[in-house]
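Following: one structure in structure tokens, then a few remarks.
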Amino acid sequence: QLQACGGGLVQAWGSLRLSCAASGRTFSRYAMGWFRQAPGKEREFVSAIRWSGGSTLYADSVRGRFTISRDNAKNTVFLQMNSLKPEDTAVYYCAASSSGYNSGMASQYDYWGQGTLVTVSS
């Protein structure tokens, strides 16, 4: 029901834009989040946006470089990633929370996409 795309290989300081399209239900009342998991590491929070789009959260490691946004009419959430660093290399997952409120806790999310790989070369 959540399909993430937009990953790929990019050089350091480059940019990528991830998209997450929802299907099967309307996610306009859901908070949406992005998490990532690097090889050998646990999944970590990246960013989240409230259902209305009026509130966003960012991990300290990406604040100022990444921007989350959503288009409820298209049932899609985006993650614009600028000034990418090699340490941003990971599989990025989008997730939806029926609470409607953005959260950095993975346990608050009910639905998960399959992930898209982002590789940043130095």
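Just so you know, these numbers come straight off a predicted model, no measurement behind them.
In Arg29, the CZ atom is not crowded: 12 or fewer heavy atoms of neighbouring residues, nucleotides or ligands sit closer than 6.0 Å.
Between the side chains of Thr26 and Ser28, not a single donor N or O lies within less than 3.5 Å of an accepting N or O. A donor-acceptor contact closer than 3.5 angstrom is absent between the side chains of Asp71 and Thr76.
Taking each heavy atom of Leu2 and Ala22 in turn, the nearest pair found is CD2-CB, 3.7 Å. Heavy atoms only, all atoms of each residue included: Ala96 and Met32 are closest at CB-SD, 3.5 Å. Minimum heavy-atom separation, Gly100 to Arg50: O-CG, 3.2 Å. Nearest heavy atom pair, residue Ser15 against residue Ser83, reads OG-N, 4.3 Å.
Between the side chain of Gln114 and the backbone N or O of Ala4, at least one donor-acceptor pair lies under 3.5 Å. Side-chain atoms of Ser47 come within 3.5 Å of backbone atoms of Leu57 as a donor-acceptor pair (strictly under, hydrogens ignored). Proximity of a side-chain donor or acceptor of Thr89 to a complementary backbone N or O of Val120 within less than 3.5 Å is detected. Without hydrogens or angle criteria, Arg63 side chain to Tyr58 main chain gives a donor-acceptor distance under 3.5 Å. Between the side chain of Thr119 and the backbone N or O of Leu9, no donor-acceptor pair lies under 3.5 Å.
When each of Val62, Leu18, Val77, Asn102 is paired with Ile68, the side chain to side chain contact (heavy atoms under 4.5 Å, CB included) condition holds for Val77 and for no other.
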Could you give me the CA-CA distance, side-chain angles and deciding distance for Ser103 and Tyr109, then say whether side chain to side chain contact (heavy atoms under 4.5 Å, CB included) is met?
CA-CA 8 Å; Ser103 171; Tyr109 291 83; 4.3 Å; yes
Derivation and outcome, side chain to side chain contact (heavy atoms under 4.5 Å, CB included), residues Gln37 and Glu44
CA-CA 6 Å; Gln37 187 166 18; Glu44 65 175 2; over 6 Å; no
How far apart are the C-alpha atoms of Cys94 and Cys20, what are their side-chain angles, what is the distance that settles it, and do they pass the disulfide (SG to SG under 2.5 Å) test?
CA-CA 6 Å; Cys94 62; Cys20 176; 2.1 Å; yes
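In this structure, OG1 on Thr67 lies 10.5 Å from CZ on Arg17, to the nearest 0.5 angstrom. Within the model, atoms OG of Ser23 and CD of Gln1 stand 6.5 Å from one another, a figure rounded to the nearest 0.5 Å. Put simply, CG on Asp110 and OG on Ser97 are 5.5 Å apart, with the number rounded to the nearest 0.5 Å. To the nearest 0.5 Å, the span separating OH on Tyr93 from CH2 on Trp112 amounts to 9.0 Å. The distance from the CZ atom of Arg65 to the CH2 atom of Trp13 is 8.0 Å, given to the nearest 0.5 Å. Atom CD1 of Ile49 sits about 6.0 Å away from atom CZ of Arg70, to the nearest 0.5 Å.
Relative ring orientation between Tyr111 and Phe27 is described as perpendicular, the plane-to-plane angle rising above 60° on a 0-90° scale split at 30° and 60°. Using cut-offs of 30° and 60° on the angle between ring planes, the pair Tyr92 and Phe66 is tilted.
One hydrophobic cluster, built from ILVMFWY side chains closer than 4.5 Å, holds both Leu84 and Trp34. Taking hydrophobic clusters as Ile, Leu, Val, Met, Phe, Trp and Tyr residues chained together by side-chain heavy-atom distances below 4.5 Å, Leu117 shares a cluster with Phe35.
Checked for salt-bridge contact, Lys85 and Asp88 miss the test: no charged N lies under 4.0 Å from a carboxylate O.
Tyr30 is not listed as a side-chain neighbour of Trp51, based on a closest heavy-atom distance of 4.5 Å or more.
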